[in-house]
Amino acid sequence: MKSWILKSEPDAFSIDQLMAERTQTTLWDGVRNYMARNNLLAMELGDKGYFYHSSCKVPAIVGEMRVVEKAFPDETQFNPESRYFDSKSTRKNPRWFSPRLQFERKYATPITRGMLHKTVLVNSQLFKSFRLSVLPLTQSEAATLEKIVLRLNPL
DNA sequence: GCCAACGTTGGC
DNA sequence: GCCAACGTTGGC
């Protein structure tokens, strides 16, 4: 099982909104960056997704999700009304894909960017490729993060 | 609100 | 195919 970090601006879509969904799932759509897309395509069923709130007062990992459906073409790319419309995308040749993620857990104590900065995770893509909105974690990074999570948020 | 980082676009 | 201009992300 792999672990990923998925960023969202809480003003646009927050973990509370995900929890409020009837099925507590969401399609991770609207991603328009090729590296991020490739990461979305690489997600397997059962992979863990850390929900990261970006562009807000306290950037932080705020909870966990689970991949419950592999990526398939993102409908918003075909919709001229959508802000994510892509005129160069066709149904035969879609460019953008979204997996479905299910809410698993919201942390009582979010893992802030500041806290992560003081750990070995400072060497992860969260800091190295800080603009990328969908990031993979290595096995050791995932293990480190999991330890921090469990220390601050015991099950 | 500023600005650095960096991906994308488009002219040549 | 290069690269300058431009736009966006996101921390601070």
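As a basis for the values below, the full set of heavy atoms in this structure was taken, side chains included, without hydrogen atoms, waters or symmetry mates. Below, read A as the first sequence line, B as the second, and so on, with proteins coming before strands; counting in each chain starts at 1.
Comparing dT8(B), dG7(B), dG11(C) by their nearest atom to the side chain of R113(A) picks out dG11(C). Taking every side-chain heavy atom of S133(A) into account, dG10(C) is the closest of dT8(B), dG10(C), dG11(C).
Between M35(A) atom CE and dT9(C) atom C1' there is a gap of 13 Å when expressed in whole angstrom units. We find that CD1 of I61(A) is positioned 15 Å from C1' of dG11(C), with the value rounded to whole Å. The nearest whole Å value for the distance from the CG atom in D86(A) to the C1' atom in dT9(B) is 13 Å. Taking atom CZ on R95(A) and atom P on dT9(B), their separation rounds to 7 Å, with Å as the unit. Across the protein-nucleic acid pair, R131(A) atom CZ and dC3(B) atom P stand 17 Å apart, rounded to whole Å. At whole-Å resolution of the value, CZ in F130(A) and C1' in dC6(B) are 8 Å apart. To the nearest angstrom, P of dA5(B) lies 18 Å from CG of L135(A). In this structure, the CZ atom of R83(A) is 12 Å from the C1' atom of dT9(C), given to the nearest Å.
D74(A) pairs with exactly one of R100(A), R32(A), R91(A) by the salt bridge (charged side-chain N to carboxylate O under 4.0 Å, His left out) rule, that one being R32(A).
The two residues M43(A) and V134(A) make their nearest non-hydrogen contact at CE-CG1, 3.5 Å.
Within the nucleic acid shown, K57(A) has no heavy atom closer than 4.0 Å to any nucleic acid atom. Heavy atoms of F127(A) sit nowhere under 4.0 angstrom from any nucleic acid atom.
The residue among K88(A) and N33(A) whose nearest nucleotide of DNA chain B is located toward the 5' end is N33(A).
For Y52(A), a side-chain nitrogen or oxygen approaches OP1 or OP2 of dG11(C) to under 4.0 Å. Applying the 4.0 Å criterion to OP1 and OP2 of dT9(C), one finds that K7(A) has every side-chain N and O outside that range.
Using bins of under 30°, 30° to 60° and over 60° for the plane-to-plane angle, the ring pair Y34(A)/W96(A) lands in the tilted bin.
With respect to the salt-bridge test (charged N to carboxylate O, under 4.0 angstrom), the residues K2(A) and E44(A) do not qualify.
Side-chain atoms of E146(A) and Y50(A) form a donor-acceptor pair, as typed in the model, at a separation below 3.5 Å.
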